[in-house]
Protein chains: 2
Amino acid sequence: MFKRVSNVANSPTDKICETKCSDPHSGAAGQVVPLAMGKAQKMGEFFNVLSDPTRLRLISLLAEEEFCVCDLAIQLEMTDSAISHQLRALRAARLVSYRKLGRQVFYRLHDQHVVDLYRTVHEHLEE
Amino acid sequence: MFKRVSNVANSPTDKICETKCSDPHSGAAGQVVPLAMGKAQKMGEFFNVLSDPTRLRLISLLAEEEFCVCDLAIQLEMTDSAISHQLRALRAARLVSYRKLGRQVFYRLHDQHVVDLYRTVHEHLEE
DNA sequence: CGAATACATGAACATATCTTCAGGTATTTG
DNA sequence: CAAATACCTGAAGATATGTTCATGTATTCG
């Protein structure tokens with residue numbers, strides 16, 4: 001009993017609060033397993049892309065229509081470079097697509113799913 | 001024409017790419033306004049809380065049932081302190097509620113909305 | 001072709017973030 | 001009451017992040 005099962009990271013002095021899940025390996029009833037590390041990492045990275053104000057403002061514009069980098073920079077009153085860096089992050093997360101037209105690059109949201117998520121949270125915070 | 005309207009932050013040498021939004025103040029047709037700075041900040045903070053793997057794993061557990069701090073620490077194989085710090089962040093964001101029972105504190109998700117958002121994104125990343 | 005424009009990129013710097021460590025409070029138990 | 005337990009908190013250190021600056025590439029135009 002009270003085995004901590006190689007709980008390496010825990011405090012030096014093992015404590016005893018076995019409310020309902022003392023030994024995860026005892027095939028008890030309420031088997032609740034946390035999200036796996038890898039998936040938690042991926043999911044965190046996804047939310048992290050949405051955690052920057054500049055990127056959210058870009059998304060708010062692209063939710064309306066397509067824009068080239070320069071216009072985005074003008075509307076947000078930031079340098080082309082800063083915008084380009086952030087668009088790079090949005091591209092890496094596959095949240096935006098783009099098409100080249102001459103020397104301009106027009107960005108748009110990759111799919112409706114992003115817009116839905118954005119609007120859902122936007123409304124949720126309007127309280 | 002070509003007024004940049006106090007575009008202080010932009011590059012030193014003003015450039016000229018007036019695709020469709022040169023002067024936001026000219027009451028033109030496609031009036032697209034970015035998300036306000038303040039709201040973008042708030043929204044970013046919200047997503048930021050969900051951008052940490054540990055907090056997401058906590059949410060994944062609390063989506064199933066109520067847990068005390070110690071049990072959460074055991075399941076995630078982390079120190080009570082680390083968990084407590086993260087629960088503090090989740091509390092500040094009003095994502096979790098808690099009730100004290102003796103010397104234990106049981107946490108639960110504040111409302112179903114969080115669970116919905118978590119599950120939506122979770123499924124979205126399962127591709 | 002050469003200059004200007006539109007965009008991308010790497011390095012650097014300042015700032016933010018997360019875990020650990022060392023304590024501190026409150027409740028329970030012997 | 002004293003010790004142990006459950007949890008909280010501030011400071012510190014390592015790491016991650018975002019903007020700026022300087023530069024590079026590609027396209028257009030004179």
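The chains referred to below are lettered A, B, ... by the order of the sequence lines, with proteins before strands, and numbering in each begins at 1. None of these values were measured; they are calculated from a predicted model.
Look at A:Y107 and you won't find any side-chain N or O under 4.0 angstrom from OP1 or OP2 of C:dA6. The phosphate of C:dC7 has neither OP1 nor OP2 within less than 4.0 Å of any side-chain N or O from A:S84.
At a threshold of 4.5 Å between non-hydrogen side-chain atoms, the residues B:V105 and B:L87 do not count as touching. A:I59 places a side-chain heavy atom less than 4.5 Å from the side chain of A:L90. Between B:L61 and A:V33, every side-chain heavy-atom pair lies at or beyond the 4.5 Å cut-off.
Taking 3.5 Å as the limit, the base of D:dC7 and the side chain of B:S81 contain no donor-acceptor pair of atoms between them.
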Can you give me every donor-acceptor pair (side chain of residues 113-125 of chain A, partner residue at least two apart or in another chain, under 3.5 Å) with its distance?
| residue | atom | partner | partner atom | Å |
| --- | --- | --- | --- | --- |
| A:D116 | OD1 | A:Q112 | NE2 | 3.4 |
| A:T120 | OG1 | A:D116 | O | 2.7 |

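Distance CD (B:Q104) to P (C:dT28): 10 Å, rounded to an integer number of Å. Atom NZ in B:K100 sits about 12 Å away from atom P in C:dT28, given to the nearest Å. What separates CZ of A:R99 from C1' of D:dA26 is a distance of 18 Å, to the nearest Å. Rounded to whole Å, atom C1' of C:dA26 lies 14 Å from atom CG of B:L101. Atom CG in B:L76 sits roughly 12 Å away from atom P in C:dT20 (whole-Å rounding). The interatomic distance linking A:M78 (CE) with D:dT19 (P) rounds to 4 Å, in whole Å. Protein atom CZ of B:R103 is 7 Å distant from nucleotide atom P of C:dT28, rounded to whole Å.
Of the residues in residues 38-54 of chain B, those with a non-hydrogen atom less than 4.0 angstrom from any atom of DNA chain C are B:N48, B:D52, B:T54. Of all the residues in residues 85-98 of chain B, B:H85, B:R88, B:R91 reach under 4.0 Å from DNA chain D with at least one non-hydrogen atom.
Screening residues 84-95 of chain B for salt bridge (charged side-chain N to carboxylate O under 4.0 Å, His left out) gives no qualifying pairs among residues at least two apart or on separate chains.
Note: A:S51 OG to B:E45 CD = 10.0 Å, rounded to the nearest 0.5 Å.
When the side chain to side chain donor-acceptor pair (under 3.5 Å) test is applied to A:R55, the partners found at least two apart in sequence or on another chain are A:Q86. For B:R108, the side chain to side chain contact (heavy atoms under 4.5 Å, CB included) partners two or more places apart in sequence, or in a different chain, are B:E66, B:S97, B:R99.
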